[in-house]
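This report concerns only the one structure given below.
Convention: sequence-line order gives letters A, B, ...; per-chain numbering from 1. Side chains are part of it too, since the values below use all heavy atoms of this structure and drop only hydrogens, waters and symmetry mates.
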Amino acid sequence: MQNLPKRYIVYGILTAVLLCAPFFLNRYWVDVLNNVGLYAILGLSLNLIVGHTGLFNLGHAAFYAVGAYTAAILNTMYHIPILWLLPVCGITAGLFAGLVARPIIHLRGDYLCIVTIGVGEIVRIALINNVFDITGGANGIFGISRPELFGMKIRKPDEFFYLIWFFVAATIFLFHRLEQSRFGRALNYLREDEVAAEGSGINTAHYKLATFMLGAAWAGMAGNIYAAKMTIISPESFNFWESVVMFTLIILGGSGSIPGVLLGAFLLIGLPELFRGFANARMMIFGAAMVAMMIFRTQGILPPLPRKFPIDKIPESEGTP
Amino acid sequence: ADTIKIGLMAPLTGKWANEGQEMKQVVDLLADELNAAGGLLGKKVEVISEDDAGDPRQGALAAQRLSTQDVVASVGTYGSSTTEATQGIYDEYEIIQIANASTAVRLSEKGLPLFFRSCPRDDEQGIVGAKTLIKAGYKKIALLHDNTSYASGLATEIRNELEREGVKPVFFEALTPGEQDYAAILTKMKGANPDVVFFTGYYPEAGLMLRQKKEMGWNVPFMGGDATNNPDLIKSAGKDAAAGYMLVSPPVPGDLDTPEAKAFLDAFKKKYTGQPGSIWSVLAGDGFNVICEAIQKAGTTDTKKVAEYLKTQMKDFPGLTGKLAFNNKGDRVGDVYRIYKVDAGGNFVLQQ
Amino acid sequence: MLLEIKNLHVKYGNVEALHGVNIQVDEGEIVTILGANGAGKSTTLLAISGLVSVTSGQILFRGDALHRMSADKIVRAGITQSPEGRRVFSTLTVRENLNLGAFTANDPGRVRKTLGWIYELFPRLEERREQLAGTLSGGEQQMLAMGRALMANPKILLLDEPSLGLAPILVRTIFDTVREINRSGVTVILVEQNARVALKLAHRGYVMEVGNIVLADSADALLSDADVQNAYLGGKK
Amino acid sequence: MEEFFHQLTNGLAIGGIYALIALGYTMVYGVLKLINFAHGDLFTIGAYLGLTLLTSLSLNQYLGAFLGVLLLAVMVMGLVGIIGIILDRAAYRPLRQSPRLSAVVSALGASIFFQNAVMLIYGARYKFYPQGILPRIALNILGVDIPLMRILILLTSVVMMVALYLFIQKTKVGTAIRAAAIDQGAARLMGINVDRVIMIVFLIGPALGGVAGLMVGLYYGQINFTMGWVYGLKAFTAAILGGIGNIPGAMVGGLLLGVIEALGAAYISIAWKDAIAFCVLIGILIVRPTGLLGERVAEKV
Amino acid sequence: MSLLTLNKLTKKFGGLTAVDNVSFDADAGSVVGLIGPNGAGKTTVFNLITGNYQPNGGDIIFDGQSVAGLLTHKIVSLGIARTFQTIRLFQNLSVLENVLAGCHCRMKSGIFGGMFCTPAQRREERDALKLALRELEFVGLRQDAEQLSSNLSYGNQRLLEIARALATKPRLLILDEPAGGMNEQETDSLIRLIRRMRERGLTILLIEHDMGLVMEACQKLVVIEYGKKIAEGHPEEIKENPRVIEAYLGTDEDE
Ligand SMILES: Nc1ncnc2c1ncn2[C@@H]1O[C@H](COP(=O)(O)OP(=O)(O)OP(=O)(O)O)[C@@H](O)[C@H]1O
Ligand SMILES: Nc1ncnc2c1ncn2[C@@H]1O[C@H](COP(=O)(O)OP(=O)(O)OP(=O)(O)O)[C@@H](O)[C@H]1O
Ligand SMILES: CC(C)C[C@H](N)C(=O)O
Ligand SMILES: [Mg+2]
Ligand SMILES: [Mg+2]
């Protein structure tokens with residue numbers, strides 16, 4: 001209770017530092033931060049599925065890809081400004097997730113894992129093979145236009161920085177509220193014990209599907225931003241490894257915890273950049289660091305804190321309910 | 001600054017780590033030589049290498065990183081899709097980019113003023129490949145690629161070229177790179193009964209297929225594109241199976257007969273033991289050399305002027321891979337492609 | 001002295017669950033440990049079996065330091081347990097479970113005989129010998145857990161709430177069995193919620209409260225102890 | 001028809017390798033419920049160690065081809081098994097009591113570590129086994145030439161599978177392994193030395209992966225530090241297809257996956273073959289949620 | 001008037017008929033005990049009522065409506081709540097959150113309500129919190145609301161399960177061995193709790209092997225053996241029923 005304000009002070013300072021980052025970091029580091037932000041969004045979206053609901057999803061890149069390709073195709077073919085497409089990307093990715101998840105959602109643990117890997121691979125292979133003749137095959141899609149906001153074209157890393165981190169902030173805000181709500185709790189119940197959740201009157205199948213769709217929709221929107229940032233997208237950017245990174249950053253940071261996921265994104269995307277000095281040994285050290293961090297903090301670095309409820313505000317009652 | 005910084009963007013890790021590491025070896029060697037000979041404009045040249053891991057997003061980061069370190073030019077990189085992800089960044093920061101192995105056509109069709117490449121383009125290769133196939137009198141041609149942007153592009157170029165000549169390939173499909181067993185694909189291809197197979201992908205798969213095809217007892221001739229130009233092809237296939245394999249490519253390092261090349265190969269041998277395996281790393285060296293030459297001649301590190309020099313004034317620069325000059329798009333002029341055939345001893349023998 | 005626990009401390013993470021427990025068990029005794037929920041009864045039994053690590057203190061079995069032995073050695077030394085929560089191997093059949101109980105035994109003839117005896121004791125288990133243990137009813141699983149612990153012909157048998165979830169008629173069978181095997185020379189340490197029955201069966205008893213032994217006496221004395229009656233026997237009846 | 005048969009043999013051959021790797025996957029999974037994502041890299045290490053030993057010891061020159069290779073296989077299995085045990089000690093054992101997904105991340109980290117360690121030690125370039133270690137003969141079966149090595153690979157995995165199955169089902173150690181797989185605490189109460197069981201599992205599983213690497217090296221000749229990733233994923237798929245934790249399941253899953261890939265490539269599309277395989281997998285799991293041979297499930301409310 | 005009627009209910013597991021043509025009913029506002037030897041099929045009957053298993057035959061009528069074959073959460077929202085024979089709490093969540101799980105099915109807000117904190121959503125959350133705390137108070141656990149549920153003692157965990165079930169606002173409450181693992185004192189307070197729940201108008205169906213509790217709490221007993229009903233009636237009658245004594249109670253030779 002008492003350290004609650006202290007925690008918020010720390011968060012406040014970190015936010016302020018982050019906001020000023022473009023003024024004292026060079027463009028390269030700003031771009032690294034942009035990537036961190038992008039993965040933070042992806043991580044937060046996957047966190048709903050993996051962290052809160054406990055569904056083992058290693059194919060999140062598929063939904064990311066659907067969003068990115070939706071944005072790229074509609075933008076290059078119909079010249080719709082890319083940021084307008086944000087909701088469209090969310091909806092297509094969400095619907096796609098609903099479609100594929102429906103028959104498989106009842107699978108347990110590792111069976112679900114391999115199926116999501118499969119979905120990710122199928123999507124990637126479909127993109128490479130230029131499915132419906134609109135994905136551009138292995139070349140991908142290029143010539144995506146830069147986003148425009150209030151008449152200002154966004155192109156430099158510093159400019160993207162604010163776009164991306166605004167999105168991160170919005171995501172945090174909304175997801176934090178969601179966590180505290182009936183929906184968020186329901187996800188935790190079914191992670192803990194599906195039978196007991198169902199027995200407490202929770203429609204587990206419905207919630208699994210809903211969390212999948214919501215997480216996917218968010219990844220789809222992240223895909224839109226990615227497409228806008230890169231202006232060229234190709235299937236290789238959505239391979240299995242991407243899903244692994246998203247998954248890893250959640251577990252490393254603290255499954256089910258928003259600050260944890262953010263920290264995870266910083267570590268997983270930022271750390272390899274710091275190790276650049278090690279040249280060839282870079283990734284080896286990174287792998288060892290992953291193991292070490294997991295052993296050091298087996299629950300993740302910042303595991304979620306318990307929810308708080310205004311219990312004191314509700315007086316003890318007199319009789320039976 | 002008291003040094004002139006040249007960037008090298010290369011896949012130092014990841015799938016193409018071997019190519020990237022060799023690129024670095026070559027460029028480092030040339031820079032050392034240059035510095036020993038007095039440097040550029042009275043200053044030392046400093047090579048800053050960044051790893052793009054053969055991946056577009058990592059490539060974009062590497063480019064950002066180089067850009068913030070005030071490089072005049074950036075040499076590299078290998079994969080076309082990685083290069084493409086970085087073009088906008090260099091353009092924005094007005095840094096010259098000279099790709100060494102990114103052969104996709106569209107890279108130089110965007111009208112970017114500072115983009116160059118020391119390697120040829122795929123359309124050229126497509127034409128040479130198709131011509132060779134037709135000249136050899138093949139009628140039933142199987143085309144196989146590996147679904148990378150380079151290989152599928154090349155395969156399409158060849159197909160278009162063939163169809164223009166009235167030849168329709170009897171087989172056109174893509175394999176999955178990185179696997180080891182291509183028996184199923186070979187068996188299927190055999191069913192189409194082609195006179196020749198042209199594979200546009202990379203040498204590891206080509207080598208495996210040569211070997212497995214032999215094992216199956218199928219002796220159809222195989223041809224390939226420049227991505228199979230690597231001595232490891234022979235090791236992978238084995239001399240027996242590789243014999244007779246033909247490929248379209250810029251010359252292999254060992255066939256570079258200019259005095260510059262000879263001197264370079266000697267120096268390389270001395271420093272790293274052995275020859276560079278890949279022509280693409282030598283092309284990175286050429287990229288580095290032409291940039292230095294242009295800076296020297298233009299007498300400035302102003303990138304616009306350097307680019308101007310490269311496009312208009314550089315003629316027949318004696319590079320490691322032959323004479324270099326650039327057209328207005330930044331593409332290398334002159335025909336670089338040769339036809340090679342593997343002989344019984346496992347050597348790449350230049351034809352004609 | 002067959003088993004002697006001296007000043008036993010056990011921690012779960014940072015929380016200490018046992019704060020210096022002392023228990024002595026003589027050969028051939030039935031000793032019961034009573035106590036409220038969370039007092040540390042199960043923890044004590046787990047410590048004897050080597051399933052939780054001992055922070056400090058000693059557990060001596062005929063003078064050997066059990067607290068330094070690994071769990072499998074303890075079983076080999078002749079101490080088995082029917083644990084709290086039954087912990088049957090859910091995806092193995094009833095028979096496989098029972099065979100595992102005799103994992104350390106190396107006299108096949110004796111094992112077969114014991115198995116026959118257990119089937120006699122719990123005919124339901126024989127009836128269901130090919131059923132997966134996880135699908136047994138609660139009470140059936142309890143029988144299996146007990147049967148499994150008996151399969152090794154132990155010297156000391158640790159029973160953690162063996163009557164939990166059993167029908168009254170079976171509860172009686174179980175306690176009769178305990179008495180019977182005790183007569184055949186097996187020492188028994190019994191943890192029970194059903195304190196009255198346990199005390200009737202046992203020779204001696206210990207009362208635990210939040211990680212400490214607060215009372216130790218003969219079973220009869222405890223049965224008539226006023227405090228014990230109030231706390232564990234639901235008042236006078 | 002001949003082409004179909006030929007494709008079938010192609011599929012079985014590659015499936016044999018998948019099966020062999022999947023066996024190791026399944027073993028480790030069975031006991032620790034851990035998806036050992038580093039298993040594919042142990043396979044890679046097997047291939048590289050095989051190459052080093054082959055070129056440095058030249059066993060085949062002294063002992064003849066088959067005996068030499070056999071001894072080589074034993075050595076590779078031993079070494080990779082030891083690496084497996086070390087891996088478990090270092091990366092998995094500290095995580096036994098923690099959430100399952102933490103161990104998965106540790107496994108991913110270990111995989112990255114191994115892969116890049118191999119790159120650092122052996123270099124990034126492809127490596128090649130010397131040719132002609134084993135005689136390259138082909139047997140003609142039903143009009144199709146089938147290389148002897150392919151039959152050998154298939155045979156090895158079948159033999160290993162049967163041996164492993166008998167070991168797990170019939171021996172005392174096997175029983176201990178199965179018990180520890182369900183409840184380690186309860187297994188301890190039966191007098192089972194669970195640490196030793198896990199050590200055995202981490203000896204056998206990686207050893208099987210290692211020997212698969214050796215065979216791949218010997219047969220295909222070309223190895224590379226990233227190859228384990230693809231094989232590992234395929235083997236994981238195979239293990240799930242058959243029902244993870246189930247030894248004959250790994251075999252069935254591996255062979256089936258190989259055959260689906262070959263037939264998918266032959267009759268539908270080469271470029272889509274992996275997608276086809278995954279579609280079949282998903283289809284099978286929809287109908288049989290715990291794989292073809294299934295896991296034993298006994299959950300009671 | 002009967003709230004729940006089982007009509008020739010049958011459930012088979014492979015060759016085993018775990019529940020065999022069982023029929024009985026539970027009057028609204030009564031406490032009915034289901035007893036029988038181990039493995040008789042009692043838990044299975046409960047699982048059929050709550051939709052965890054699908055019956056092979058027969059019907060379950062709750063409040064005039066057939067609930068056989070419905071999904072569990074649907075059945076809960078119709079007004080049947082349960083506890084489990086082996087405790088199934090959400091171990092890593094707080095006591096309060098466990099009870100809030102029960103409130104879930106009486107709430108409406110969804111993803112958007114949660115994200116945007118609409119006034120209706122806030123009101124609903126507050127009401128749920130109130131209800132949850134009241135139920136905790138009812139079973140006597142309010143002071144532990146913020147504890148991790150796995151830190152509760154065994155007996156309290158059982159009470160928490162009851163509170164969670166109560167939070168679904170059920171009309172029929174199904175308790176599977178609620179006194180299992182409780183000592184005599186705790187059992188006594190459980191009996192008082194059952195009485196208070198009955199006073200709230202709840203109908204209760206319970207399985208229990210503790211005859212003391214059964215005798216004191218139940219108005220009616222149904223006895224099954226090998227899946228078949230062998231007796232039904234007032235506790236005092238049942239106690240004397242020779243068949244029940246033989247199969248289940250045994251003869252008291254001690255006392
Ligand atoms: N695995 C565990 N982790 C943390 N604390 C534990 C664990 N097991 C038990 N405890 C704590 O240790 C204390 C003693 O528990 P123990 O299970 O030994 O009690 P008990 O006397 O057997 O109670 P019961 O009658 O409920 O079985 C309790 O406070 C309990 O909360
Ligand atoms: N999923 C299942 N598969 C096979 N048999 C089962 C399954 N579930 C229950 N059984 C069997 O059905 C019978 C009835 O089980 P149930 O759990 O209903 O018994 P119960 O009356 O609740 O017993 P207890 O008092 O011991 O809890 C048991 O013999 C049990 O072994
Ligand atoms: C042949 C290769 C050097 C071509 C290169 N990989 C590209 O993508 O263009
Ligand atoms: Mg206990
Ligand atoms: Mg029951």
request  = Below 4.5 Å from any heavy atom of chain A, which atoms of E:K74 appear? Answer side chain, backbone, both or neither.
outcome  = neither
E:K169 atom NZ, over 12 foreign heavy atoms within 6.0 Å = no
key: E:T50 portion near chain A, given a 4.5 angstrom heavy-atom threshold   = neither
query = So does E:F112 have more than 12 non-hydrogen atoms from other groups sitting under 6.0 Å from CZ?
reply = no
key: Reported CZ-to-CD distance for the pair A:R185 and E:E97, which is rounded to 0.5 angstrom   = 7.5 Å
task = Answer yes or no: is there a donor N or O on one side and an acceptor on the other, between the side chain of E:R88 and the main chain of A:A196, under 3.5 Å?
result = no
task = May I ask you to decide if E:G114's main-chain N or O and A:R182's side chain share a donor-acceptor pair within less than 3.5 Å?
result = no
ask   = Considering only heavy atoms, which portion of A:L214 lies under 4.5 Å from any heavy atom of chain E: side chain, backbone, both, or neither?
value = side chain
query = Is atom CZ of A:R102 surrounded by more than 12 heavy atoms (other residues, nucleotides or ligands) closer than 6.0 Å?
reply = no
ask   = What distance separates E:N92 CG from A:Q299 CD, expressed to the nearest 0.5 Å?
value = 8.0 Å
request  = Hey, could you give me the CD1/CG distance between E:I111 and A:L48, rounded to the nearest 0.5 Å?
outcome  = 9.0 Å
ask   = Taking atom types as modelled, is there a side-chain donor on E:H104 or A:Y207 under 3.5 Å from an acceptor on the other?
value = yes
remark   = Max heavy-atom pairs within cutoff under 4.5 Å with chain A, candidates E:E161, E:Q91, E:K108, goes to E:K108
key: Heavy-atom contact with chain A under 4.5 Å, split by part of E:F116   = both
ask   = Going by heavy atoms in the side chains, are E:L129 and A:P310 under 4.5 Å from each other?
value = yes
Heavy-atom side-chain proximity of A:Y189 to E:L100 below 4.5 angstrom = yes
inquiry  = Is E:L133 in contact with chain A via its backbone, its side chain, both, or neither, using a 4.5 Å heavy-atom distance?
reply    = side chain
query = Per the side-chain contact (heavy atoms from CB on, under 4.5 Å) rule, which among A:F173, A:F175, A:F183 passes with E:M115?
reply = A:F175
ask   = Under a 4.5 Å heavy-atom cut-off, does chain A meet the side chain of E:A101, its backbone, both or neither?
value = both
key: Expected output: side-chain A:E192 to main-chain E:L93 donor-acceptor under 3.5 Å   = no
query = Side chain, backbone, both or neither: which part of E:S77 has an atom under 4.5 Å from a heavy atom of chain A?
reply = neither
key: 4.5 Å side-chain heavy-atom contact, E:Q121 and A:S181   = yes
key: Heavy-atom proximity to chain E below 4.5 Å, by part of A:A197   = both
ask   = More than 12 non-hydrogen atoms from neighbouring residues, nucleotides or ligands closer than 6.0 Å to CZ on E:F13, yes or no?
value = yes
Non-hydrogen side-chain atoms of A:I311 and E:R142 separated by less than 4.5 Å = yes
Verdict with supporting geometry, A:N203 and E:H73, side chain to side chain contact (heavy atoms under 4.5 Å, CB included) = CA-CA 6 Å; A:N203 185 346; E:H73 67 89; 3.2 Å; yes
inquiry  = Could you measure the distance from the CG atom of E:N98 to the CG atom of A:D193? Nearest 0.5 Å is fine.
reply    = 10.0 Å
ask   = So do the side chains of E:F90 and A:R191 get within less than 4.5 Å of each other, counting heavy atoms only?
value = no
request  = Work out which heavy atom in A:S200 is nearest to a heavy atom in E:C105; give both atom names and the distance.
outcome  = O-SG, 4.4 Å
message = For chain E, which candidate among A:H176, A:E198, A:Q180, A:E179 shows the most heavy-atom pairs at distances under 4.5 Å?
response = A:E198
